[in-house]
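Report on the structure given below.
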Amino acid sequence: MDIILKVADQYGGLDRFYAHFPSILEPYVSSRDHAFRQCLSLWLIALVGVNILYFLFSTISYYTLFDQRILKHPKYLPNQIRREIALSVTSFPITAAVTVPWFFAEVRGYSKLYYHVDDFGWPYALASVLGFLAFTDCGIYWIHRAEHHPMLYGWLHKQHHAWKVSTPYASFAFHPLDGYFQSIPYHLFVFLFPMHVYAYLAAFVVVQIWTISIHDGAYFTQHPAINSSAHHTVHHLEFNYNYGQYTTFWDRIGGSYKRPDAQFENDMFFDRPAVHDKVDDLKHALSSTGGKTTGTAKATVPLGGAVPVGGGGGGDGPRKRKPAAAKAD
């Protein structure tokens, strides 16, 4: 984080930003090395950074990978995407604030981050990345599972489970302390084990993208060892299974693994119907009813749901569904 802090001071406009502070605060912000300025800068960097990561990669995922048919699922909530975004952006400032002590300790040299590959060699540099993934996979599993305990779930984790079927924008839609607690293994690792600073930054970004990917409904693999989007969808729908982050290893150890069933296997990303096929199906359904929707023609949606053709849409606003559709889940 000290690299990003230096870049932000020199090229990101922080020096000019602090130059406009009242004179009474000048002793605290004039020096780049003052603890108050560093903490405030780290909070700003974390806040801006998480918003960029969230909106950039969630939006890319939404328009390129996300299965738009999920918007018609009976358990998709009215205004869900807006609500996911609202919870995320209101949580970010608090999550960033409680994360600052970790970043501050890194900047002050208390972590085991290092800058020269030669210090430990290439084999260790590569092994440390695998160690980071293994360590965080384990830590997040147990933290996530603990958050499902009745003493914690209601006030801490329940907000994230409002999304029974999620979109990429649900990836960071947590109670602010929920997001923080699940991020602790990422920060803790570099205080326990040496890791190259650029490898750490890259891994930190990649795991944020992974968090988005397991909420986007794009099922790329059926490999039983990978905690895919299908596995995490089971977690959102059925609550007590698949707490893992990258793999299913700890779910198997902890007895909480549940394999996604056939409805996911038949809905893999590369097996989705082409757009023109969807249009042809819609035209056929309309023509069979004389151009009118009767509520009997159905458009299939993933996860076993269905909605009447024309009776619900790809938008994010409130929709009325017929009772028969609700039973299809």
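None of these values were measured; they are calculated from a predicted model.
Side-chain polar atoms of Thr167 and Gln80 form no donor-acceptor pair below 3.5 angstrom. A donor and an acceptor atom, one from each side chain of Ser228 and His231, are located under 3.5 Å apart. Side-chain polar atoms of His148 and His235 form a donor-acceptor pair below 3.5 angstrom. Judged purely by distance below 3.5 Å, without hydrogens or angles, the side chains of Gln245 and Thr211 pair a donor atom with an acceptor atom. For the residue pair Trp102/Tyr180, the side-chain donor-acceptor check at 3.5 Å is satisfied.
Between Tyr141 and Tyr243, the ring-plane angle classifies as perpendicular under the 30° and 60° cut-offs. Between His215 and His160, the ring planes lie perpendicular to each other; the angle is over 60°, past the 30° to 60° tilted range. In this pair, Tyr114 and Tyr124 present their aromatic rings tilted. The plane angle is within the 30 to 60° band. Ring orientation note: the planes of Tyr186 and Phe204 are nearly perpendicular, at an angle over 60° on the 30°/60° scale. Using cut-offs of 30° and 60° on the angle between ring planes, the pair Phe66 and Tyr62 is parallel.
Remark: aromatic rings of Phe21 and Tyr28 are distant, center separation not under 6.0 Å. Between His196 and Tyr115, the ring center distance fails the sub-6.0 Å criterion.
The pair Arg259-Asp251 does not count as a salt bridge, with every side-chain nitrogen at least 4.0 angstrom from each carboxylate oxygen.
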(message) Evaluate Phe189 against Tyr200 for side-chain contact (heavy atoms from CB on, under 4.5 Å), listing each step before the verdict.
(response) CA-CA 10 Å; Phe189 181 83; Tyr200 177 59; 5.8 Å; no
